[in-house]
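Quick notes on the structure that follows.
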Amino acid sequence: MYRFPWVLFLVAAVNMAVAAEPLRPGFYFETCPPAEFIVRDVMKKAMIREPRSLASVMRLQFHDCFVNGCDGSLLLDDTADMVGEKQALSNINSLRSFEVVDEIKEALEDACPSTVSCADILVLAARDAVALSGGPNWEVRLGRKDSLTASQQDSDNIMPSPRADATSLINLFAQFNLSVKDLVALSGSHSVGKARCFSIMFRLYNQSGSGKPDPTIEPEFREKLNQLCPLSVDENVTGPLDATPRVFDNQFYKDLVGGRGFLNSDQTLFTSRRTRPYVRVFSKDQDEFFKAFVEGMLKMGELQFEQPGEIRTNCRVVNGRPVDVLMSY
C-alpha cells in the first residue's frame with residue numbers, strides 16, 4: 001500500500017481554448033508528492049507482468065488527446081445513456097491495458113484521494129512506457145481535468161484508420177497545430193508493440209481495390225506477412241510493428257526505408273515526398289528522433305478544449321454515478 005468527418009472536427013477545433021489553469025511541471029509536488037513515483041512503479045510492475053502492456057498504455061494518450069483534448073474521456077465505460085470512445089472503430093478490439101490505468105488510479109487514490117486526474121495519469125504513463133522501453137525520458141506538464149462524458153461518434157469522426165495515407169494524416173495533424181515533423185516523429189510510437197492482421201488484410205490482398213498486394217511492401221517481408229495473415233486467418237492474430245517490438249528505438253524508420261512497414265498508414269510516411277525526408281533523418285539519427293518525439297508528445301499533451309471537468313476517483317466512471325449502472329459488452 002502506498003503512503004506517499006472533418007467538418008465536425010473543424011467545428012470542434014474552433015472551440016479549443018487554453019485551460020483555466022495552465023499546465024505545468026511539478027503540478028502535484030505539494031498536493032501529491034509521490035504521484036510520479038507511483039505511476040512509474042505501477043508501470044514497472046505491468047512491464048514485468050506483460051511487456052506488451054507498455055506499448056498498449058503508450059497509445060492510450062494518442063487516442064485520448066486527439067478526441068476533444070487530453071481529458072481522460074477515452075477511459076470512460078459505456079452507460080445506459082452514453083456510448084463512449086472505447087466502442088469507436090479505431091479503438092474496439094484494438095486498445096488494451098485499461099486495467100493498468102485502473103491499478104495506477106487505485107494506488108494514487110490510496111496515497112492522495114481525489115487529487116490526480118485520469119487525464120494526467122495517461123500522460124504520465126505514456127512517458128513512463130517510452131522510458132521503460134529504452135526511449136527518452138522527459139518532464140511532463142500536468143494539471144488536466146477529467147471530462148464528464150465521452151462520445152463514440154466524436155472518436156469515429158476524428159481518428160484515422162490503418163488505411164490512411166500521408167496526405168490525410170498531415171491534414172489531421174495540422175488541425176491540432178502539429179507539423180509534418182510532429183506527425184512522423186509521433187508515428188514512432190509504433191517502434192514498440194503489435195497490430196492485428198485485421199489492419200493489413202487489404203494491403204496484402206486488395207490494395208486500393210486492385211485485388212493485388214501493396215506494391216510498396218518489400219517482397220520477402222510480404223511473404224512473412226502472408227504466412228502470418230493468410231486469407232483464412234483469425235484477423236485478431238497480431239504481428240510486430242517493427243523488427244524490435246519491445247524496444248523503443250529508430251528501427252521503425254529503418255524498416256519503413258526498407259519497405260517493411262506493417263501498417264499502410266506507417267509505410268505511406270516513406271512513400272510520400274512530404275514525410276520521407278523526416279523518415280530518412282530519423283532512420284539514421286536516433287537522438288534526433290528522440291528529440292522530435294519528446295517535442296511532439298509535449299505539444300500533443302497541451303491539446304485541451306474548454307469544457308466542464310473533475311478529478312475522477314474511478315477512471316471508468318464520472319463521480320457520483322454508481323458503477324453498477326455501467327453497461328458491459
*asked:* Using 0.5 Å steps for rounding, measure from the NZ atom of K44 to the CD1 atom of I48.
replied: 9.0 Å
_M82 CE to L148 CG distance, which is reported to the nearest 0.5 Å_ = 10.5 Å
*Indicate yes or no: at least one non-hydrogen side-chain atom of L108 is less than 4.5 angstrom from one of T115.*
no
*With a 4.5 Å heavy-atom cut-off, do D77 and V317 have their side chains touching?*
no
_All pairs passing ring pair (Phe, Tyr, Trp, His ring centres under 6.0 Å) where residues 262-281 contributes a residue, at least two apart_ = none
*asked:* Would you compute the distance between atom CD1 of I311 and atom SG of C112 and round it to the nearest 0.5 angstrom?
replied: 12.0 Å
_Non-hydrogen atoms of R59 and G193 that approach each other most closely_ = NH2-CA, 4.1 Å
*Would you mind reporting whether T313 and S114 have side-chain heavy atoms less than 4.5 Å apart?*
yes
*Qualifying residues under salt bridge (Lys or Arg N to Asp or Glu O under 4.0 Å), relative to E310, sequence neighbours excluded*: none
_Taking ring pair (Phe, Tyr, Trp, His ring centres under 6.0 Å) as the cut-off, I'd like each qualifying pair that reaches into residues 186-206, sequence neighbours left out, listed once._
none
*Quick one: sort the F62 and F293 rings into parallel, tilted or perpendicular, breaks at 30° and 60°.*
tilted
*Got more than 12 heavy atoms from elsewhere within 6.0 Å of CZ, R276?*
yes
*asked:* I'd like to check the salt bridge (Lys or Arg N to Asp or Glu O under 4.0 Å) partners of E50; sequence neighbours left out, ordered by chain and number.
replied: R96
*Would you please test F27 and R144 for side chain to side chain contact (heavy atoms under 4.5 Å, CB included) and show each step?*
CA-CA 10 Å; F27 184 85; R144 299 164 186 80; over 6 Å; no
*Test side chain to side chain contact (heavy atoms under 4.5 Å, CB included) on T149 and S73 and set out the steps.*
CA-CA 6 Å; T149 188; S73 57; over 6 Å; no
*asked:* A side-chain contact here means heavy atoms from C-beta on lying under 4.5 Å apart; do L124 and M43 qualify?
replied: no
*Output the distance between atom CD (E103) and atom OG (S97), rounded to the nearest 0.5 Å.*
9.5 Å
_Tell me if a side-chain donor or acceptor on S187 pairs with a main-chain N or O of L183 at a distance below 3.5 Å._
yes
*Do Q152 and N91 have a side chain donor and acceptor closer than 3.5 Å?*
no
_With a 4.0 Å cut-off on N to O distance, would you call K105 and E109 a salt bridge?_
yes
_Looking at every non-hydrogen atom in both residues, tell me the closest pair between A119 and D146 and how far apart they are._
N-OD1, 2.8 Å
*For E85 against S151, the heavy-atom pair lying closest together*: CG-O, 3.4 Å
*If we ignore angles and hydrogens, is there a donor and acceptor under 3.5 Å between the side chains of D242 and Y253?*
no
*Can you tell me which residue pairs pass the salt bridge (Lys or Arg N to Asp or Glu O under 4.0 Å) test with a partner in residues 190-208, sequence neighbours excluded?*
R203-D214
*Applying the 4.5 Å side-chain criterion to the ILVMFWY set and letting contacts propagate, would L231 and I217 be lumped into a single cluster?*
yes
_Qualifying salt bridge (Lys or Arg N to Asp or Glu O under 4.0 Å) pairs with a residue from residues 260-274, counting only residues at least two apart or across chains_ = D255-R260
*Residue pairs involving residues 214-247 (criterion disulfide (SG to SG under 2.5 Å); sequence neighbours excluded)*: C197-C229
*Side chains of L169 and S265: does their closest heavy-atom pair fall under 4.5 Å?*
yes
_Within the 4.5 Å heavy-atom criterion, are F290 and F282 side-chain neighbours or not?_
no
*What salt bridge (Lys or Arg N to Asp or Glu O under 4.0 Å) pairs are there with at least one residue in residues 281-305, not counting sequence neighbours?*
R141-E302, K181-E288, D182-K299
*Hey, is R316 close enough to D102 for a salt bridge, meaning N to O under 4.0 Å?*
yes
*asked:* Checking Q61 against M300 for the side chain to side chain contact (heavy atoms under 4.5 Å, CB included) test, could you report, in this order, the C-alpha distance in whole Å, the side-chain angles of both residues, the deciding distance, and whether it holds?
replied: CA-CA 9 Å; Q61 181 186 343; M300 182 175 64; 3.7 Å; yes
_Sequence neighbours excluded, every pair satisfying salt bridge (Lys or Arg N to Asp or Glu O under 4.0 Å) that has a member inside residues 229-238_ = none
*Do L225 and V257 belong to the same hydrophobic cluster, where Ile, Leu, Val, Met, Phe, Trp and Tyr are linked whenever their side-chain heavy atoms lie under 4.5 Å apart, directly or via other members?*
no
_Between CD on residue Q87 and CG on residue N93, distance to nearest 0.5 Å_ = 8.5 Å
*Taking C-beta and beyond as the side chain, do L74 and V67 meet within less than 4.5 Å on heavy atoms?*
no
*asked:* Out of the candidates I104, L60, V57, only one should pair with L122 under the side-chain contact (heavy atoms from CB on, under 4.5 Å) rule; please name it.
replied: L60
*Looking only at non-hydrogen atoms, find the nearest pair between G211 and N206 and report the distance.*
N-OD1, 2.6 Å
*Those residues that, when tested against R40, pass salt bridge (Lys or Arg N to Asp or Glu O under 4.0 Å) (two or more places apart)*: D128
*Is E99 salt-bridged to R49, cutoff N-O under 4.0 Å?*
no
*Using the rule that two of Ile, Leu, Val, Met, Phe, Trp, Tyr join whenever any of their side-chain heavy atoms come within less than 4.5 Å, decide whether I158 and L89 are in one cluster.*
no
*Tell me yes or no: between the side chains of R312 and S147, is some donor less than 3.5 Å from an acceptor?*
yes
*asked:* Tell me if a side-chain donor or acceptor on S53 pairs with a main-chain N or O of A46 at a distance below 3.5 Å.
replied: yes
*When rounded to the nearest 0.5 angstrom, what is the spacing between CG in D64 and SG in C118?*
10.0 Å
*Side-chain contact test, heavy atoms from C-beta onward, threshold under 4.5 Å: evaluate it for V180 versus F173 and give yes or no.*
no
*Flag yes if V184 and L241 sit in one hydrophobic cluster, no otherwise; membership is Ile, Leu, Val, Met, Phe, Trp, Tyr, and two members link when side-chain heavy atoms are under 4.5 Å apart.*
no
*So which heavy atom on L178 is nearest to which on G296, and how close?*
CD2-O, 4.5 Å
*Determine, for D78 against K86, whether the closest basic-nitrogen to carboxylate-oxygen distance falls under 4.0 angstrom.*
no
*Does one side chain, of N68 or D154, offer a donor that lies under 3.5 Å from an acceptor on the other?*
yes
*Pair F252 and F289, ring centroids less than 6.0 Å apart*: no
*Which residues pass the salt bridge (Lys or Arg N to Asp or Glu O under 4.0 Å) test with D249, sequence neighbours left out?*
none
*Any pair counted as ring pair (Phe, Tyr, Trp, His ring centres under 6.0 Å), so long as it reaches residues 98-132, sequence neighbours left out*: none
*Please walk me through it: do D165 and T271 pass side chain to side chain contact (heavy atoms under 4.5 Å, CB included)?*
CA-CA 9 Å; D165 61 18; T271 57; over 6 Å; no
_Membership question, hydrophobic clusters at under 4.5 Å side-chain separation (ILVMFWY): are L263 and L269 in the same one?_
no
*Closest non-hydrogen atom pair, M58 against A129*: CB-CB, 4.0 Å
